[in-house]
Amino acid sequence: AQEPVAYLTGRRAFWTIELMVGPGVLVPRADSETLVEAAVAHFAGSAGPRRILDLGTGPGTLLLAALDEWPDASGVGVDASAAALDYARRNVAALNMTDRASVVAGGWDGIGERFDLILCNPPYIGTDEPLPPEVSDYEPAAALFAGTDGLDDYRAIAPLLPGQIAAGGCAVIEIGHTQATAVTGLLAVQGLAVSLRRDLGGRDRCLIATP
């Protein structure tokens, strides 16, 4: 029936960790590891980020991968989905990170704190774009679709980012492979400097924004 294998097994490997996943949460993709790679490159030669925020954390994917990368860091995962928050909390406990990671309900405006590293994989699929059945028939639409051009959430995120990035920090944001120019423009209008990182397939995958 083309149900995602991760839903059948209840688990998905990502970066250096394994996560519990299931219906109601976006299945972590290897392409999203590009965001962690970009963050590692940004903080190379330093002690790394002390505080990490994952906007739209889902099952805790990017937050928990980053905390595994930087054992001295702590962080917060924010999501609007009750199902996603449930999985994220379970993953925090399973990975023994309850003293370093918290998960809260919320939106793109964060929690009123500035962070050294902000990670974000927002919805970016246009509502009329075709998707394979294993995605469209099973994964949550709220985590996939963002208006007719796939940019609605970026329009909401861009003006909220500058107030959440600490000095010397960055935000690393996943994009669709055709969206680099459009999303760069949205971020640049907010006074952010933007660079691009491609995934292992050579496709535009994420933007790194700095104050």
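What you see is a predicted model; the values in this text were computed from it and never measured.
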For this session: Flag the pair D152 / Y124 as yes when at least one side-chain heavy-atom distance between them is below 4.5 Å, and no otherwise.
Result: no

Exercise. Given side chains that start at C-beta, do those of C170 and F115 come closer than 4.5 Å, heavy atoms only?
Worked result: no

For this session: For E3, check salt bridge (charged side-chain N to carboxylate O under 4.0 Å, His left out) against everything at least two apart and list the hits.
Result: none

For this session: Spell out, as yes or no, whether a donor-acceptor pair under 3.5 Å connects the side chain of Q179 to the backbone of G176.
Result: yes

For this session: Identify which one of N121, D109, I118 satisfies the side chain to side chain contact (heavy atoms under 4.5 Å, CB included) criterion when paired with L55.
Result: I118

For this session: Take L131 and I125 through the test side-chain contact (heavy atoms from CB on, under 4.5 Å) and record every step on the way to the result.
Result: CA-CA 9 Å; L131 291 172; I125 306 297; 4.2 Å; yes

Exercise. Is the closest side-chain heavy-atom distance between I52 and L63 below 4.5 Å?
Worked result: yes

For this session: Mind checking side-chain contact (heavy atoms from CB on, under 4.5 Å) for A38 and listing every partner two or more places apart, or none if nothing turns up?
Result: V172, R197, C206, I208

Exercise. Is the backbone of L160 close enough, under 3.5 Å, to the side chain of Q164 for a donor and an acceptor to pair up by distance?
Worked result: yes

For this session: Would you indicate whether the side-chain heavy atoms of M20 and R11 approach each other to under 4.5 Å?
Result: yes

Problem set entry | Of all pairs that satisfy salt bridge (charged side-chain N to carboxylate O under 4.0 Å, His left out), the ones with a partner from residues 202-211, not counting sequence neighbours | D31-R203, D31-R205, E174-R205, R198-D204, D199-R203, D199-R205

Exercise. With sequence neighbours left out, what residues match P122 under side-chain contact (heavy atoms from CB on, under 4.5 Å)?
Worked result: W108, C120, D153, Y154, I157, I173

For this session: Look at the side chain of R100 and the backbone N and O of P71, then say whether any donor-acceptor pair between them is shorter than 3.5 Å.
Result: yes

Problem set entry | Any W15 side-chain heavy atom under 4.5 Å of L64 side chain | no

Problem set entry | Residue pair I165 / L117, side-chain heavy-atom distance below 4.5 Å | no

Exercise. Considering only heavy atoms from C-beta outward, does the side chain of Y7 approach that of P23 to under 4.5 Å?
Worked result: yes

Exercise. Can you name the closest pair of heavy atoms from P123 and F145 and give their distance?
Worked result: CB-O, 3.5 Å

Problem set entry | Cationic N near anionic O, under 4.0 Å, E113 to R51 | yes

Exercise. Would you say D86's side chain and A82's backbone share a donor-acceptor pair under 3.5 angstrom?
Worked result: no

Exercise. How long is the span from the NE2 atom in H42 to the OG atom in S195, to the nearest 0.5 Å?
Worked result: 9.0 Å

For this session: Check step by step if side-chain contact (heavy atoms from CB on, under 4.5 Å) holds for L119 and L53.
Result: CA-CA 6 Å; L119 298 161; L53 173 66; over 6 Å; no

For this session: Sequence neighbours left out, what passes salt bridge (charged side-chain N to carboxylate O under 4.0 Å, His left out) with R114? Give chain and number order.
Result: none

For this session: Grab the two heavy atoms, one from L67 and one from A73, that are nearest each other, plus how far apart they are.
Result: CD2-O, 3.6 Å

Exercise. Can you check side-chain contact (heavy atoms from CB on, under 4.5 Å) on L161 and Q190, steps first, answer last?
Worked result: CA-CA 8 Å; L161 270 184; Q190 303 302 322; over 6 Å; no

Exercise. Is a donor on one side and an acceptor on the other found under 3.5 Å between the side chain of D54 and the backbone of G77?
Worked result: no

Exercise. If you take all heavy atoms of T61 and P28, which pair is closest and at what distance?
Worked result: OG1-CG, 3.4 Å

Exercise. Are side-chain heavy atoms of L26 and L144 found at a separation under 4.5 Å?
Worked result: yes

Problem set entry | side-chain contact (heavy atoms from CB on, under 4.5 Å) evaluation trace for V36 with L62 | CA-CA 7 Å; V36 186; L62 294 169; 4.1 Å; yes

Exercise. Which atoms form the tightest heavy-atom contact between G22 and Y87, and what is the distance?
Worked result: CA-OH, 3.2 Å

Problem set entry | By salt bridge (charged side-chain N to carboxylate O under 4.0 Å, His left out) - contacts of E69 (at least two apart) | none

For this session: Could you tell me whether the side chain of D79 and the main chain of A84 form a donor-acceptor pair under 3.5 Å?
Result: no

